[in-house]
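To keep things clear, I will list the structure first and then write my remarks on it.
All figures in this text were calculated on a predicted structure; none of them were measured in a lab.
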Amino acid sequence: MPIATGITATTKPLLATLSGQRQSVPPVWLMRQAGRYLPEYRALRADKGGFLALATDPEAAAEVTLQPVRRFGFDAAILFSDILMVPWAMGQTLTFGAGEGPRLSPALADHDLRSLTPVPERLDAVYETVRRAAAMLDGETTFLGFAGSPWTVATYMVAGEGSRDQATARRLAYHDPAAFADVLQAIAAQTVEYLARQVAAGVEAVQLFDSWAGSLSPEQFETCVVQPNAWIVGELRRRCPGVPIIGFPKGTGGKLLRYVEGTGVDAIGLDETVDPVWAARELPAGLPVQGNVDPLALVTGGDALDRAVDCVIAAFADRPHIVNLGHGILPDTPIANVDRLLARVRAA
Ligand code: CP3
């Protein structure tokens, strides 16, 4: 007889970890695990004619979602899509030119948010991808959805492209705080809708990527990172009770503690600059952590990789831990090194 505990029993190691149950062998997945380091990804992308064509073709995107799971046996599949699908659905044009990074237009640095006409049906292909991939997953693999956090997405929407210092968005946040708050709120609202519909289509947990959270002053960190993510967490809990939320505020160091406390995320992703011994000691007891092997240790392989893996596993021996990188897998990562990482984790 199943007992109603409020916690759904699961045989999926990653989902169990997110609900606070430490696994003796920690589950593993890698950020950007579907991508250019895989020959089968490059072949399908070339065949479809580019990233956006691939990401909006549900059959192909579901296939790319599953490629790394089939090849390596990761504990999670992550939806194959991009954080910039949200600005595209909000009405900006989106292009991924070869070798030059994404471009969005018109840039909100010199265009009012109200000049955009939302095209929410641009996301329908993503929900169809989720349905198809979910139907193909086995009973042990957790299906992760994701979105960018409002600040990180705003840096691209405001500048119209990526940048090293996010100065265009930071300037707007200082110069016109009310207009910038409107941009963050519009992104947050679309993000909740996007994630709730991913859940309805079959994802079991979600990750909020805040790749540029580290570029802000403490005050802007509060208004641009903590508050919008707290709002998303609250709304998503209301719409999708019980679906775990992983926060990944990259590059925020000591501000991680404030992020965890202020947003209420269920688990925290750590980038490779965070000392895992410090994190294990300072983060709230029992909070699941994810990370934080250096992506360059994975490129390097050999002893450097073994040491990096052993180090995070030892540091998080007393709390629920998901092994991952500190940031996305690099395109020049040898496949044999990914096999080595998995073997090392599973032999530990
Ligand atoms: O983790 C996964 O495998 C799921 C898929 C995923 C992609 N992008 C696919 C992708 C995820 C989770 C993302 C997140 C993402 N996208 C972030 C946050 C995480 C991070 O890496 O900081 C950001 C900032 C973006 C925006 C973005 N998308 C940029 C800057 C670029 C170009 C640079 C690059 O890495 O290629 C992309 C393109 C992109 N998104 C690719 C993939 C596989 C490469 C496209 C290609 O050339 O095939």
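Side chains of Glu204 and Thr142: no donor on one and acceptor on the other come within 3.5 Å. In the model, Trp231 has no side-chain atom that pairs as donor or acceptor with a side-chain atom of Gln185 under 3.5 Å. Looking only at atom types and distance, the side chain of Gln21 has a donor-acceptor partner in the side chain of Ser19 under 3.5 Å away.
Between Phe221 and Tyr259, the two ring planes are tilted [angle within 30° to 60°]. Aromatic ring orientation, His321 versus Phe316: tilted (interplanar angle from 30° to 60°). Under the 30°/60° scheme for interplanar angles, the aromatic rings of Phe180 and Trp151 are found to stand perpendicular.
Summarising the geometry, atom OH belonging to Tyr41 is positioned 15.0 Å from atom CZ belonging to Arg71; distances are rounded to the nearest 0.5 Å. Put simply, CG on Leu256 and CZ on Phe248 are 9.5 Å apart, with the number rounded to the nearest 0.5 Å. Once rounded to the nearest 0.5 Å, the distance linking OG of Ser215 with CD of Gln220 reads 8.5 Å.
The main-chain N or O of Ala280 is found under 3.5 Å from a side-chain atom of Arg319 such that the two form a donor-acceptor pair.
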> Is there a side-chain hydrogen bond (donor to acceptor under 3.5 Å, both in side chains) between Tyr156 and Thr168 once you walk through the steps?
Replying inline: CA-CA 9 Å; Tyr156 291 92; Thr168 312; over 6 Å; no
>> Checking Phe96 against Asp82 for the side-chain contact (heavy atoms from CB on, under 4.5 Å) test, could you report, in this order, the C-alpha distance in whole Å, the side-chain angles of both residues, the deciding distance, and whether it holds?
In response: CA-CA 11 Å; Phe96 289 90; Asp82 195 83; 4.0 Å; yes
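Val299 belongs to a hydrophobic cluster whose other members, connected by ILVMFWY side-chain contacts under 4.5 Å either directly or through intermediates, are Leu296, Leu330.
Residues Ile322 and Val289 have side chains not in contact (no heavy-atom distance under 4.5 Å, counting atoms from C-beta outward).
In this view, Val69 and Gln33, Ala77, Thr141 satisfy the side-chain contact (heavy atoms from CB on, under 4.5 Å) rule, not counting sequence neighbours. Applying the salt bridge (charged side-chain N to carboxylate O under 4.0 Å, His left out) criterion to Glu100, with sequence neighbours excluded, gives Arg103.
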